[in-house]
Chemist: 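Once you've had a glance at the structure underneath, I'll fire off some questions.
The chains referred to below are lettered A, B, ... by the order of the sequence lines, with proteins before strands, and numbering in each begins at 1. Note that the structure is predicted; figures quoted are calculated from it, not measured.
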Amino acid sequence: MTKILAIDDNHDNLVVLQALLKTSFPDVQYYAALSGREGIDMAAGDPPDLIFLDLVMPGMDGFETCRRIKENPLLQRIPVIILTAERTNAPSRIKALETGADTFLSKPVMEAELIAVVSAMIRVKHSEDMILQEKNLLEQTVAERTRLLQEQLEELKRAEQKLKKSYSELETTKLATLNLMEDLRAEVEQRKRSEKTLQESEKRFKDLSLMFRSISDNMTDMLWAKDLDKKFIFANKSCCENLLIAENTDEPVGKGDLFFATRQRELYPDHPEWHTFGEICIDSDKVVMDSGMPGQFDEHGNVRGKFLYLDVRKSPLYDMNGTLIGTVGSAQDNTTKLEIARQLAQRERQMSTLVSNLPGMVYRSLDGFDGEMLFVSDGCLGITGYSREEFIDKKSILFNDIILEEYREPVLSRWQKVLSMGYMFEGEYPIRTAKGEIKWVWERCRGEYGEKGEILYVEGYIEDVTDRKKAVESLRESEQRYETFINSMNDFAFLKDDNFKYLFINYANAAFFGKKPSEVVGLEDFNLMELNYAQTCRENDILALNGTGVAVSEEIVDGKIYESRKFPVKLRNGRVGVGGYIRDISDRKAAEEVIKNLNDDLEQRVLDRTAQLEAANKELEAFSYSVSHDLRAPLRAIDGFTRILFEDYQPFLDDEGKRVCTVIQENAIKMGQLIDDLLSLSRLNRADMNFTPINIQNIARVVFSEVADQESKHRISFSAANVHSALGDPVLIRQVLVNLLGNAVKFSSQTRAPVITMTSEVKSETVEYCIADNGAGFDMKYADKLFGAFQRLHSVKEFDGTGIGLAIVQRIIHRHGGQVWANGEVGKGASFFFSLPLRVGNTV
Amino acid sequence: MKSFDPVDILIVEDNPSDAELTIRALKKNNLANHYFVAENGEEALDFIFSRGEFAVRDISKDLKIIFLDLKLPKVSGMEVLREIKANPSTKTLPVVVVTSSKEDTDIKEAYALGANSYIVKPVDFDSFIHTISTTGLYWLQLNVPPKMKA
């Protein structure tokens, strides 16, 4: 921790200074003395890192205090800052610095200056402290090292003493030994000389052997020597590696060919062709030894499963005395040469096959100005209709002559020009074949040049391109057709490249821009339209380009609506462009708008009408309700009071009076019945329909048994068989059957042998039901009145009824989406038909 | 202010003919000794709850049966039925709805409000007399009502 001592007789100064320093150096330990003497004692007791010193103090003044501090060896390194308000003139400052003060600050002092000075002093003090510390450490280390070295020196001196003593002892022994050694050396010297002569001759021999070995091992040919038993004396590396498969060049010595052959064959017992050499070598060895003459042998067979062809030379081996001691041999591996020759032959064969199978003809001609052929491939017959013999052997035809006359001169002059410049000729021209046909051919050829650059020969290829030419032509035609077609459209069509520049545009589209198609190609929309339109088109282009299918959008330009269909198109260069098809749909849009308005209007009218109908319905309901309630009350009164009249005034009524009362009552009841029927008809319109499958046959049978009284059941022959089921509201359909069967029973009541049958028939979308009777029947001219409410075709006397039953039937069937009709004849009977839909659908 | 003899039958009926026929039917069975005919719904309610001109009527004198027509001037029969059945002091009163309406909706609503019977007035006098008589006999002579405290 940094410590600062301040010496000042003025206590306030000390406090102010401490406050200043504490702010900037919070970690500093600060202490103070009120006089010079006290300050020096304090510093000696606890040395600070920095001393502030006032100059004017009672007793010992600042100069004296500073001098004493700087004289004290313990304190002299502590920086002293003179801080004073008096005696700030130059002489005082010089005197202060001469006494050893490090710096001089006059009051009032700027806080920043004070802090800067303090920081600098502390830094200097600390660096000095550190240097001092290092110096002390160094001195200590040197002292320590010196001590150690002195100790080692002492030890060395002791060791030297010991060595000197041993050395003098050794010296004595040595003298005795030296004499003995001199004798021995003389003898060894003699022996060495004779040995050296021997060694030198041996070395020469070894060197020679090594040289021979090196040379022979370096050769690719095989070399060997064998003894009379055909066992190897020598074999070079190539022989060991490529023929014998020996472990090293020493292994063959003492072993025969069969040893190695057998070893190889045993490695691959399942491979009879693995190694076939061995026996042949022995055979040729024998030939050479028997004849005593050198010989050449073509030996071939398999080594390690691979064919080996050797050119072998063998000679008998004689020693210096002319005695046969074995054979020597060498072999050259000719397998590769053989293989190359074979491959060459094969390639030649392939080439020739290829050339003769080419669709076109390959040729080689003289310098070519007249087209005299040296070679033509078989293809010439197919192309020209002339055989190769006619071109080459007989030279009865020149190729140039079959080029069509009007093309001949230009083709040949270009041909010569190109070839003589050293380039390859390529071109198309027509020829006339032997049969007189015109064919287009494509030719590519190049020259073979002499030393002076003159053309010696020409080699080339000619192919029939008539079909290709035709195809291209027809493609062009079809393209033109399409273009004409597209150009005749009013709609716009275009193709843009991947940079949205027009590649193609039809007349209509170009005319839209006020240009011809050729003027638009290469431009983009931004060159042709206002910025905002072009921007929209571009966005749609990008959308189409990144999509996979057709991007449909509407573009509005100058108030017209265009439907644009854009799609990615693969271009010839492999990139993707945009194709487009644009149609002015302003008229269609307008028509759609009209239709939409009409629809809206219609919907509104439907809504209005529905509301009206609903209101009418409500009214009708209210009406029905009144009818049901109010119309009945007077009837009840008429009936009731007639009865009262009848009962209470009987004595006053004669028979006619009583009959009149009865008539009144009957009519009142009749009217009640009418009201009930009317109500049920009106209720029908309101009842909810509940569609379920209905077994109509069963219901018909039950209903019949209900509507027919006992007597009728006996009299009437009723049948309802194979009647189909249907979908409908069970309650309502039952009502239909009640009314129709009730009618049938009623109108059969006066028939002698009544028959009622119910049948059904399935039509395409409906089931038709028929209830037929042989009763009273009706006149067909009234058929249209049958189903009207309160329509009756019979008098009440004949047949009872209100005339509402069939109206109810019709209402119910119509609500089911079906139809109802009737056939009849007076006195013969009636048939009532109704149909019900097979599926629930258009119901009312 | 009127004073009344004790009444055990209340006939709510706006049609005087129907009222007369009803009374005749009841009389034939000696059931119509003490009856009162209210000609509209408001009068019926005033009578039942001893209000207005019927304030002096002793409410503790129990009505035994109410014959109630549905189609009434002023307050409808359904409303009268609702008030009778909503009030704890009158909800045990037997109410027989007697009406010309055969409408399903009327029948359902009447029973939902707590009607004790629903009778359709027949046009035929014999049937009418028979129906009213049977109903009257049942409610006035066979049925045992709960004892009511005033």
Chemist: Heavy atoms only, distances under 4.5 angstrom: which of B:Leu21, B:Asn15, B:Asp104 has the most pairs with chain A? Name it, please.
Modeler: B:Leu21
Chemist: Quick one: does B:Asp126's side chain get under 4.5 Å of A:Gln665's, heavy atoms only?
Modeler: no
Chemist: Does A:Tyr649, at its OH atom, have more than 12 non-hydrogen atoms belonging to other residues, nucleotides or ligands within less than 6.0 Å?
Modeler: no
Chemist: Under 4.5 Å heavy-atom distance to chain B, tell me which part of A:Glu666 shows up: side chain, backbone, both or neither.
Modeler: neither
Chemist: Look at atom NZ of B:Lys64 and say whether more than 12 heavy atoms of other residues, nucleotides or ligands are closer to it than 6.0 Å.
Modeler: no
Chemist: Could you grab the distance from atom CD1 of B:Ile129 to atom CZ of A:Arg643, nearest 0.5 Å is fine?
Modeler: 8.5 Å
Chemist: Can you give the donor-acceptor pairs under 3.5 Å from side chains of residues 655-662 of chain A to other protein atoms, not counting sequence neighbours?
Modeler:
residue	atom	partner	partner atom	Å
A:Glu656	OE1	A:Arg659	NE	3.3
A:Glu656	OE2	A:Arg659	NH2	3.1
A:Thr662	OG1	A:Lys658	O	2.9

Chemist: Checking A:Ala668 now: which residues fulfil side-chain contact (heavy atoms from CB on, under 4.5 Å) with it, not counting sequence neighbours?
Modeler: A:Leu635, A:Ile638, A:Asp639
